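In this text the structure is predicted, and so the values were computed from the model without any measurement. Counting starts at 1 for both ligands and their atoms, in listed order.
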Amino acid sequence: MTGLFKGFQIQQTMSSEMLLDFSETSGAERKQDLSEDQEEKQKPRVNEGIEPVSKRRMKKLRKQKQWEEQRELRKQKRKEKHKRKKLERQCQLESNSDGNDRKRVRRQVVHSTLRLIIDCSFDDLMVLKDIKKLHKQIQRCYAENRRALHPVQFYLTSHGGQLKKNMDDNDKGWVNWKDIHIKPEHYSELIKKEDLVYLTSDSPNVLQELDESKAYVIGGLVDHNHHKGFTYKQASDYGIDHAQLPLGNFVKMNSRKVLAVNHEADNHKHSVSILECCIGVLPTICSFHFQLEYCKEIP
Ligand SMILES: C[S@@+](CC[C@H](N)C(=O)[O-])C[C@H]1O[C@@H](n2cnc3c(N)ncnc32)[C@H](O)[C@@H]1O
């Protein structure tokens, strides 16, 4: 009865929020709170207009303040934890991949034995603008091949002159390229004659299948049709095999059947450059039985 009365007295001085707190406390706590609150109440007030605050409430406010003050610290700790986890994941991936490119870890990369050469011996026939285009195409080929599930053995031969200078001027990143043979020698000094097949649109031979043991050569020549038949003549003079890609059924060609930068293969919507076409998309557009063995999935 007294407790109830005390409770009633205290309730009169409390805000509605405090009433809620009060209703949630246990009997023992309530008793303690009541006596604490009574003590508080009996203290002389400096300013009678201000509502008295219980010890419990003070404690709660202190804790709240502390929580607010440590907000930045908690944020910092969260960031550190995130970084640590990321680093751990990276280390895990690196140890799984034996030091190979991390992106490849989750995929089964099977290297093809097929060699693909970009013959860069036409440096003198190109103006700087076209050299830059060739450089871009080579970069794209390199990237395509690095991403491919079955990358070819990729070569750049007769590397030098304006092309090398342009590559050097553009950050020299190519010196760190992996899975590519960049050679100053002519391809004929590096590969057996009987293994070579020059890909050229002027060849009367239409390629029927890809031979894994062969080295297919692509002319690194951006010539806007100024040097028609040039690579075909060279290949014939060297006495090496040559062939044109069987593109007719798959790509809308111009009358000369030379691939241009933005040709689209009919069976997928993917613009291809001359060189890309040969490296990544060639097996698809040729629709060979092992087409998917070579090329990465095209978005
Ligand atoms: C722009 S073309 C150069 C054309 C140049 N007039 C020539 O004589 O080869 C660049 C290279 O792409 C390859 N290429 C383009 N279209 C081709 C096709 N239909 N068949 C085979 N190779 C092709 C060739 O290797 C060619 O040297």
Side-chain angles (χ1 to χ4, degrees), residues 114-142 144-145 152-159 161-163 186-188 190-191 195-211 214-267 270-288 291 294-295:
L114 186 144
R115 288 159 286 176
L116 197 103
I117 300 165
I118 297 181
D119 170 19
C120 306
S121 64
F122 309 103
D123 207 73
D124 297 342
L125 299 179
M126 286 181 280
V127 292
L128 189 60
K129 201 172 116 215
D130 292 333
I131 290 281
K132 285 180 192 239
K133 282 185 186 163
L134 177 63
H135 179 195
K136 281 227 168 77
Q137 291 186 8
I138 290 171
Q139 282 176 320
R140 289 179 68 182
C141 286
Y142 170 71
E144 288 285 326
N145 200 40
V152 295
Q153 312 288 316
F154 193 24
Y155 287 75
L156 288 190
T157 57
S158 302
H159 184 247
Q162 298 184 85
L163 177 67
H186 190 260
Y187 62 84
S188 58
L190 301 167
I191 313 248
D195 285 354
L196 290 162
V197 179
Y198 213 111
L199 294 175
T200 170
S201 57
D202 298 297
S203 170
N205 313 322
V206 179
L207 201 67
Q208 296 301 330
E209 58 179 18
L210 284 172
D211 184 341
K214 297 283 184 191
Y216 293 91
V217 189
I218 299 162
L221 172 60
V222 178
D223 68 337
H224 311 282
N225 207 9
H226 289 313
H227 301 286
K228 187 173 160 28
F230 201 86
T231 53
Y232 171 56
K233 187 171 181 316
Q234 271 201 351
S236 309
D237 290 349
Y238 288 142
I240 58 173
D241 285 347
H242 44 75
Q244 61 163 282
L245 297 169
L247 299 175
N249 301 334
F250 306 97
V251 184
K252 285 193 189 90
M253 301 300 291
N254 54 27
S255 55
R256 288 189 53 244
K257 291 200 271 174
V258 178
L259 283 168
V261 175
N262 287 322
H263 269 124
E264 264 191 13
D266 273 358
N267 52 352
H270 183 62
S271 297
V272 292
S273 76
I274 298 161
L275 306 176
E276 248 183 298
C277 182
C278 298
I279 200 166
V281 191
L282 174 145
T284 309
I285 53 184
C286 295
S287 194
F288 293 137
Q291 53 178 288
Y294 283 97
C295 55

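At least one N or O atom of Thr231 sits closer than 3.5 Å to an N or O atom of ligand 1. Between Ala243 and ligand 1, no N or O atom pair is found at a separation short of 3.5 Å. The distance criterion of under 3.5 Å between nitrogen or oxygen atoms is met by Leu199 with respect to ligand 1.
Between Leu196 and Tyr187 there is a side-chain heavy-atom pair separated by less than 4.5 Å. With contacts defined as side-chain heavy-atom distances shorter than 4.5 Å, the pair Asp119/Ser158 qualifies. Put simply, the side chain of Asp211 does not reach to within 4.5 Å of the side chain of Val197, judged on heavy atoms.
Applying the 4.0 Å criterion to heavy atoms of Gln244 picks out, from ligand 1, the atoms 20 (N), 21 (C). Taking a cut-off of under 4.0 Å to the non-hydrogen atoms of Leu221, the atoms of ligand 1 that pass are 1 (C), 2 (S), 3 (C), 5 (C), 10 (C). Each of the following atoms of ligand 1 lies closer than 4.0 Å to a heavy atom of Phe230: 8 (O). Close contacts of ligand 1 with Gly229, meaning ligand atoms under 4.0 Å from a residue heavy atom, involve 8 (O). Taking every heavy atom of His227 and a limit of under 4.0 angstrom, the matching atoms of ligand 1 come to 5 (C), 6 (N), 8 (O).
In terms of modelled atom types and a separation under 3.5 Å, the side chain of Gln244 and the main chain of Asp202 share no donor-acceptor contact. Of the possible polar contacts, one joining the Asn145 side chain to the Val152 backbone as a donor-acceptor pair under 3.5 Å is found.
Other residues, nucleotides and ligands contribute only 12 or fewer heavy atoms inside 6.0 Å of the NZ atom of Lys132.
When heavy-atom distances to ligand 1 are checked against a 4.0 Å cut-off, Asp223 comes that close only through its side chain, counted from C-beta outward.
Residue Val222 forms a side-chain contact (heavy atoms from CB on, under 4.5 Å) with just one option from Ile131, Asp130, Val127, and that option is Asp130.
Contact annotation: Val222 has no heavy atom less than 4.0 Å from any atom of ligand 1.
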